[in-house]
Amino acid sequence: MYTSCVGSFPVEFCRESVEKIAEDMYSIGLTYPSYPQLRDFISIFLDPLSSKGLMYKEGLDYVFSADSVEELENTEIPVPFEALWFVDHVRRCGLNFTGLRAPVTGVFTLASRIYPAGRPHSIRESLMNDLTFLESLASAISSLIRRLEDLGYSLIVIDEPILSVVYGSGVSLIKHRTEDVLRIFGRLEPCKSTFGIHVCGRISPALSRLLLKSNFTLLDHEFKDSPENFRSLKPDELKESGKLLSVGCASSRNAKVESVEEVQSILSKALNIYGDRVYMAKPDCGFRGLSGILPEDKAYEVSIMKLKTIVEAVKRLN
């Protein structure tokens, strides 16, 4: 079983932070680290499009202002600075990880924050429900994924937290047919890297069925703060789909550091239910939210301690 992290850390955005995180993840024995996202996971990808005049920021949201979606399709989204700094430091210092993980915010989550001019800012009115826009955005993201692969990232994980909202237990907030959503996913597939999707929160039966039909190899979910996901994801369906599972086994919301035994218990349960489909252990989500609970130094210390606990629990099980 490999060990990983989702991406975000509660520290200052600078190269020195990225390099320290890389060294700390190596020293604790994490096998599949993510480049550290030190900025908001929406703006890191949309602010460059805003600077090119394709949209403008309105509060925390964006308003699409290009003349056509074709302009978006042919626009290059730059590789995040954190991803460049991370892979450069790993190579220069000879940090011999098993592989490198690149988180990329997904088109549905990005589009849920982009609106046509003059429209109310609600999820139903967002461009998440415009299929043509999604296809163009997927083309731009696909190009970014290829460049991350070329840099040496061997695990590409699409972050789609909005899916647990729009495919909740009530009425769906997304208008597209299942086959349309799957087609959008298909446009993102890497050429050579393992392809995963991270959806935090509760996974509804409808969302589980959708993801099991998708082209993602790795499903990355939270099980520490959402233990009901053990019921949503059926072991026979997971095995039949051929997919692998990345198990969230430490809270990203609670600042209390879990014991090794507590993490081991969650992973043992996953192994008992899903068997050899369990591929990776990691926190439920990113750690950026801890900055609202603790001072920066303490929040970062807790983040690394949680990752170290996961590594120790996996050592006991491997």
Side-chain angles (χ1 to χ4, degrees), residues 1-8 30 32 34 101 103 109 157-170 172 196-214 216-241 243-290 292-293 302-303 305-318:
M1 191 189 313
Y2 296 112
T3 52
S4 187
C5 56
V6 175
S8 68
L30 209 70
Y32 245 105
S34 163
R101 171 174 176 156
T109 296
V157 179
I158 304 299
D159 292 334
E160 284 285 15
I162 197 64
L163 293 184
S164 63
V165 177
V166 300
Y167 285 99
S169 56
S172 175
I197 184 168
H198 165 73
V199 184
C200 49
R202 180 182 176 275
I203 307 300
S204 69
L207 179 54
S208 179
R209 288 192 297 271
L210 173 74
L211 296 179
L212 288 171
K213 292 177 183 175
S214 72
F216 297 106
T217 300
L218 181 69
L219 305 183
D220 183 296
H221 301 312
E222 69 174 59
F223 291 90
K224 173 62 172 68
D225 286 336
S226 296
E228 60 270 27
N229 286 339
F230 280 116
R231 296 192 298 273
S232 299
L233 192 58
K234 308 298 184 187
D236 53 339
E237 294 176 353
L238 182 67
K239 185 173 183 178
E240 186 178 343
S241 73
K243 300 196 183 304
L244 301 169
L245 188 62
S246 180
V247 178
C249 53
S251 177
S252 52
R253 306 175 204 164
N254 191 326
K256 176 182 175 295
V257 179
E258 293 82 0
S259 67
V260 175
E261 290 74 21
E262 187 177 1
V263 171
Q264 185 178 347
S265 175
I266 295 170
L267 293 174
S268 293
K269 181 175 181 178
L271 287 167
N272 288 336
I273 295 173
Y274 303 113
D276 63 1
R277 296 292 89 197
V278 177
Y279 181 78
M280 185 169 281
K282 48 89 201 183
D284 278 348
C285 199
F287 289 125
R288 194 165 183 262
L290 293 179
I293 304 173
V302 166
S303 303
M305 288 173 67
K306 283 176 176 280
L307 292 177
K308 186 175 182 180
T309 300
I310 292 171
V311 171
E312 291 304 314
V314 168
K315 284 179 180 177
R316 293 185 182 184
L317 293 168
N318 277 352

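By convention here, the first residue in the shown sequence is residue 1.
The shortest non-hydrogen separation linking V263 to T309 is CG2-CG2, 3.8 Å. In plain terms, the two heavy atoms of C249 and I266 that are nearest each other are O-CD1, 3.6 Å. The minimum heavy-atom distance linking V6 with P283 is given by the pair CG2-O, 3.7 Å. Counting all heavy atoms, side chain and backbone alike, C200 lies closest to E222 at CB-OE1, 3.5 Å. The minimum heavy-atom distance linking T3 with L30 is given by the pair OG1-CA, 3.5 Å. In terms of heavy-atom proximity, A281 sits nearest to M1 at CB-SD, 3.7 Å.
The backbone N or O of I203 sits less than 3.5 Å from a side-chain atom of S232, completing a donor-acceptor pair. The backbone N or O of S251 lies less than 3.5 Å from a partner atom in the side chain of E258, making a donor-acceptor pair. The backbone N or O of K243 sits less than 3.5 Å from a side-chain atom of R277, completing a donor-acceptor pair. In this structure, K308 contributes its side chain and S303 its backbone to no donor-acceptor pair below 3.5 Å. The closest donor-acceptor contact from the side chain of S265 to the backbone of E261 lies at 3.5 Å or more, if one exists at all. Under a 3.5 Å cut-off, the side chain of H221 and the backbone N or O of V199 do form a donor-acceptor pair.
Within the 4.5 Å cutoff, side-chain heavy atoms of K306 are placed close to those of F287. Looking only at side-chain heavy atoms (C-beta outward), R101 and D220 come within less than 4.5 Å of each other. The side-chain heavy atoms of L163 and I197, taken from C-beta on, include a pair separated by under 4.5 Å. Contact annotation: the side chain of N254 never approaches that of I293 to less than 4.5 Å [non-hydrogen atoms, C-beta and beyond].
Remark: Y32 pairs with Y2 by the ring pair (Phe, Tyr, Trp, His ring centres under 6.0 Å) rule, at least two apart or across chains. Judged as a side chain to side chain contact (heavy atoms under 4.5 Å, CB included), and not counting sequence neighbours, K239 has no contacts.
For the atom pair OH (Y167) and CG (L210), the distance works out to 5.0 Å, reported to the nearest 0.5 Å. For the atom pair CG of D159 and SG of C285, the computed distance is 7.5 Å after rounding to the nearest 0.5 Å. The CE atom of M280 sits 5.5 Å away from atom OG of S246, with the distance rounded to the nearest 0.5 Å. The CG atom of L233 lies 9.0 Å from the CG atom of L211; values are rounded to the nearest 0.5 Å. From K256, atom NZ reaches atom CD of E262 across 5.0 Å, with rounding to the nearest 0.5 Å. Put simply, OG on S34 and NZ on K282 are 11.5 Å apart, with the number rounded to the nearest 0.5 Å.
Remark: K224 NZ is packed, more than 12 non-hydrogen atoms of other residues, nucleotides or ligands lying under 6.0 Å away. Remark: R231 CZ is loosely packed, at most 12 non-hydrogen atoms of other residues, nucleotides or ligands lying under 6.0 Å away.
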Go through it in stages, so that I can follow the logic: the residues are K269 and L271, the test is side-chain contact (heavy atoms from CB on, under 4.5 Å), and I'd like the CA-CA distance, side-chain angles, deciding distance and then a yes or no. CA-CA 5 Å; K269 181 175 181 178; L271 287 167; over 6 Å; no
How far apart are the C-alpha atoms of S252 and D284, what are their side-chain angles, what is the distance that settles it, and do they pass the side chain to side chain donor-acceptor pair (under 3.5 Å) test? CA-CA 6 Å; S252 52; D284 278 348; 5.3 Å; no
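Applying the ring pair (Phe, Tyr, Trp, His ring centres under 6.0 Å) test to pairs two or more places apart or on separate chains, none has a residue in residues 246-276.
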